[in-house]
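Heads up, the thing below is written out as structure tokens.
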Amino acid sequence: MNFLRVGLFALALSVAACGGSGGSYDSSADGEVAPADVVSTQGEGLLDANTAAEQTLHEATGDTVATHLVAHRPFASLGELFASLAAEIGEEAAEEILKTVFIPVEVNSASDEDILAIPGVGSRMLHEFKEYRPYENMAQFEREIGKYVDDEELARLVKYVTL
């Protein structure tokens, strides 16, 4: 199982590194990743910006972003994390970083800003997230949001949310 987690994390790092503009936030992971640093509320492959080890953040995001994250944490919300990163490296680069580094979004109480900070969530999905509040459990969230997205996208969204 740990091998699978590390493999998924390596894949996420590769995608993040290739998806950006080649700036200083590119991954240069050459060390071993501690599985405890790879966290998500419902899945693997995301780093919690507040709890991930500094070295893991450096490996995943590069020196500029990791130094910024460590200096400014704890972040109260995903929206705050995004705003902080956008001010440091620009919105486009911040959007790429949020594919690897996140703050869990408490879906029942999250602000519009926090929900919209989830990569790929726009105004339509914001409406759907809010329409079914309060969610009793993750199964209900998956059932309701699954009406609007395919299974792959649903699995991706679930990684960002918590109840």
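Values in this document were obtained by computation on a predicted structure and should not be read as measured data.
- Within the 4.5 Å cutoff, no side-chain heavy atoms of Val161 are placed close to those of Pro104.
- With hydrogens and angles ignored, the 3.5 Å screen pairs a side-chain donor or acceptor of Arg156 with a backbone N or O of Pro119.
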* Could you give me the CA-CA distance, side-chain angles and deciding distance for Glu144 and Gln140, then say whether side chain to side chain donor-acceptor pair (under 3.5 Å) is met? => CA-CA 6 Å; Glu144 300 300 349; Gln140 180 190 4; 4.6 Å; no
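- The nearest pair of heavy atoms linking Arg133 to Ala110 is NH2-O, 2.6 Å.
- Side chain of Thr56 to main chain of Ala52: no donor-acceptor pair is present (N/O by atom type, distance under 3.5 Å, no hydrogens or angles).
- In this structure, Phe75 and Leu69 have side chains that are in contact, with non-hydrogen atoms separated by less than 4.5 Å.
- With ring centers used as reference points, Phe129 lies under 6.0 Å from Phe141.
- Of all non-hydrogen atoms in Ala94 and Ala86, the two that sit nearest each other are CB-N, 3.7 Å.
- Residue-environment remark: CD (Glu106) exceeds the threshold of 12 foreign heavy atoms within 6.0 Å.
- Across Ala49 and Leu57, no two heavy atoms sit closer than the pair O-CD1, 4.3 Å.
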* Between Lys159 and Phe102, does a side chain to side chain contact (heavy atoms under 4.5 Å, CB included) hold up when you go through it step by step? -> CA-CA 10 Å; Lys159 292 178 182 182; Phe102 83 122; over 6 Å; no
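- Of the possible donor and acceptor atoms, one in the side chain of Asn108 sits under 3.5 Å from a partner among the backbone N and O of Tyr135.
- The environment of Asp150 atom CG is dense: over 12 non-hydrogen atoms of other residues, nucleotides or ligands sit within 6.0 angstrom.
- Separation of atoms CG (Leu98) and CG (Leu46) is listed at 9.5 Å; rounding is to 0.5 Å.
- Residue-environment remark: CD (Glu131) exceeds the threshold of 12 foreign heavy atoms within 6.0 Å.
- With values rounded to the nearest 0.5 angstrom, Tyr160 atom OH is found 13.5 Å from Asp114 atom CG.
- Side-chain atoms of Glu80 come within 3.5 Å of backbone N or O of Ala76 as a donor-acceptor pair.
- Relative orientation of the Tyr148 and Tyr132 rings is tilted, given thresholds of 30° and 60° on the angle between their planes.
- Taking the side chain as every heavy atom from C-beta outward, Leu81 and Leu85 approach each other to under 4.5 Å.
- For the atom pair CG (Asp112) and CG (Leu126), the distance works out to 4.5 Å, reported to the nearest 0.5 Å.
- To the nearest 0.5 Å, the span separating CD1 on Ile118 from CD1 on Ile103 amounts to 12.5 Å.
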* **Test log, rule side chain to side chain contact (heavy atoms under 4.5 Å, CB included), inputs Ile115 and Met125** => CA-CA 9 Å; Ile115 295 170; Met125 284 309 298; over 6 Å; no
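- Atoms CD and OG1, from Glu88 and Thr67 in turn, are 9.0 Å apart once rounded to the nearest 0.5 Å.
- Note that CD of Glu142 is 9.5 Å distant from CG of Asp151, once rounded to the nearest 0.5 Å.
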* Asked: What do the steps show when you test Val107 against Thr162 for side chain to side chain contact (heavy atoms under 4.5 Å, CB included), and what is the final call?
  -> CA-CA 6 Å; Val107 73; Thr162 188; over 6 Å; no
* **Test log, rule side chain to side chain contact (heavy atoms under 4.5 Å, CB included), inputs Glu128 and Val121** => CA-CA 10 Å; Glu128 302 308 336; Val121 171; over 6 Å; no
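- The two residues Ser123 and Leu116 come nearest to each other via the heavy atoms N-CD2, 4.0 Å.
- Checking side-chain atoms of His72 against main-chain N and O of His68 turns up a donor-acceptor pair under 3.5 Å.
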